[in-house]
Number of protein chains: 2
Amino acid sequence: MARTAGSHSDITGPRVLDAALRLFAQHGFAAVSMRQIARDVGVQAGALYNYTPDKQALLFNLMRRHMEDLLDQRANRDTSASPLERLEDFARFHIRYHLKRPDEVFIAYMELRNLTPENFEAIEELRRRYEAELEEILRDGVAEGVFAPADIRIATMAVIAMLTGVTTWYRPAGRLSVDEVEGLYWEMVRKSVSV
Amino acid sequence: MARTAGSHSDITGPRVLDAALRLFAQHGFAAVSMRQIARDVGVQAGALYNYTPDKQALLFNLMRRHMEDLLDQRANRDTSASPLERLEDFARFHIRYHLKRPDEVFIAYMELRNLTPENFEAIEELRRRYEAELEEILRDGVAEGVFAPADIRIATMAVIAMLTGVTTWYRPAGRLSVDEVEGLYWEMVRKSVSV
DNA sequence: GTCTATAAGCAGATAGAC
DNA sequence: GTCTATCTGCTTATAGAC
């Protein structure tokens with residue numbers, strides 16, 4: 001099929017989201033203008049509206065894509081393993097995934113307040129589903145007597161916060177590899193909920 | 001001394017910072033206008049510039065006040081206590097202090113990227129000094145054989161992230177009191193760095 | 001110290017030509 | 001699909017009257 005000159009829907013579309021991702025992560029949603037995004041993509045500001053109804057949808061779609069990808073990656077996990085194995089898998093996955101996507105993670109945690117109430121609720125629901133897996137692992141471990149956190153819900157929040165915190169300091173050029181970081185955090189997580 | 005009509009320097013000054021604190025925490029620095037702050041204080045936008053040279057100084061002073069207050073409160077701690085006692089004191093203090101000042105904490109963590117490079121460096125230096133106390137406690141504990149984290153630096157970051165995370169979910173009307181939350185987190189912290 | 005008025009510019013979003 | 005031009009309204013910050 002012939003293509004109209006200057007028509008790049010399949011190229012420009014993803015580029016708009018990519019530019020928004022990087023710019024929102026670096027400067028914050030409110031501080032980034034549609035004109036900045038357009039400049040980064042290499043089009044005029046008006047052309048962006050062929051790909052998004054507005055700026056809010058740009059933010060929401062970035063967050064939703066991130067959360068849905070996160071859930072997809074946990075969808076086919078091995079639920080027959082022991083709670084200890086499942087907890088280690090979760091902890092290592094969480095660190096690995098978050099360190100691989102620093103921009104998405106940063107936005108997902110920092111820009112929640114810039115979502116409209118409806119969009120906020122949609123993202124929160126996805127987040128709750130992700131946290132539910134960890135809570136279930138801890139609950140199963142308590143039932144089997146291998147874990148003994150004083151409070152399962154608080155332990156869930158504490159473990160997620162601890163693991164996510166790695167994104168605030170980790171630098172690829174630093175003294176530790178991702179694998180080493182995973183191991184160090186896993187040890188702390190394991191001990192923190194142990195009997 | 002007679003006061004000029006309409007002159008309220010000693011009242012308006014703190015009110016400007018208070019309004020900025022609340023609005024920045026709620027909507028984000030970039031999303032809040034000087035007009036919004038002025039409206040909240042009850043003056044016209046131009047009058048704000050009697051109290052701050054610009055918007056950036058407003059943000060920086062809020063952050064600096066927060067970090068300096070944090071350090072002040074730790075200045076006269078008991079360094080002769082055991083590492084275990086000092087760690088418990090630090091953990092409980094951190095939670096209590098952060099839950100008492102949700103707006104300051106939120107801004108201090110979310111608005112770092114909106115500081116100028118010089119201001120950012122100044123705040124980071126204060127933050128490093130705060131973290132250094134925890135690192136020192138862990139180091140002393142390792143030397144005495146009561147703590148055994150695999151990596152002291154990572155344990156420092158992990159413990160701070162875990163404790164600070166409480167601000168993301170705690171609500172005063174919830175099922176747990178601050179004291180109970182302190183106790184639950186302290187148990188997890190203690191176990192996570194134990195031998 | 002606060003006001004009003006204004007400067008100088010950028011914001012999100014849309015219309016219509018090509 | 002992208003462009004240019006534009007609408008409307010907002011922004012930070014300053015000047016000068018009171």
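Chain letters run A, B, ... following the sequence lines, proteins first and then strands; every chain starts at 1.
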Whole angstroms only, please: what is the CG-P distance between A:Asn114 and C:dG12?
12 Å
Quick one: on DNA chain C, does A:Gly46 or A:Gln36 contact a more 5' nucleotide (nearest heavy atom)?
A:Gln36
OP1 or OP2 of D:dA15 under 4.0 Å from side-chain N/O of B:Tyr49
no
From the options D:dG1, D:dA13, C:dA11, select the nucleotide whose nearest atom is closest to the side chain of A:Tyr51.
D:dG1
N/O (side chain, A:Ser33) to phosphate O (OP1/OP2, C:dC10) under 4.0 Å
no
Is A:Thr12 near enough to D:dT2 that one of its side-chain N or O atoms lies under 4.0 angstrom from OP1 or OP2?
yes
Do A:Tyr130 and A:Phe90 have their ring centres less than 6.0 Å from each other?
yes
Going by the side chain to side chain donor-acceptor pair (under 3.5 Å) test, name the single residue among B:Asn114, B:Asn119, B:Asn61 that passes it with B:Gln56.
B:Asn119
Once you apply a heavy-atom cut-off of 4.0 Å, does B:Val41 come out as touching a base, just sugar-phosphate, or nothing?
nothing
Tell me whether A:Val178 shares a hydrophobic cluster with A:Leu176, the cluster being built from Ile, Leu, Val, Met, Phe, Trp, Tyr side chains joined at under 4.5 Å.
yes
Residue pair B:Ala47/A:Phe29 against DNA chain C: nearer the 5' end by closest nucleotide is B:Ala47
So which nucleotide from D:dT2, C:dC3, C:dG1 ends up closest to the side chain of B:Asn50?
C:dG1
Please report, rounded to the nearest Å, how far the C1' atom of D:dA13 is from the CG atom of B:Leu48.
11 Å
Verdict with supporting geometry, A:Asp78 and A:Ser80, side-chain hydrogen bond (donor to acceptor under 3.5 Å, both in side chains)
CA-CA 6 Å; A:Asp78 180 11; A:Ser80 69; 2.6 Å; yes
Winner on side-chain proximity to B:Gln44, out of D:dG1, C:dA13, C:dT4, is C:dT4
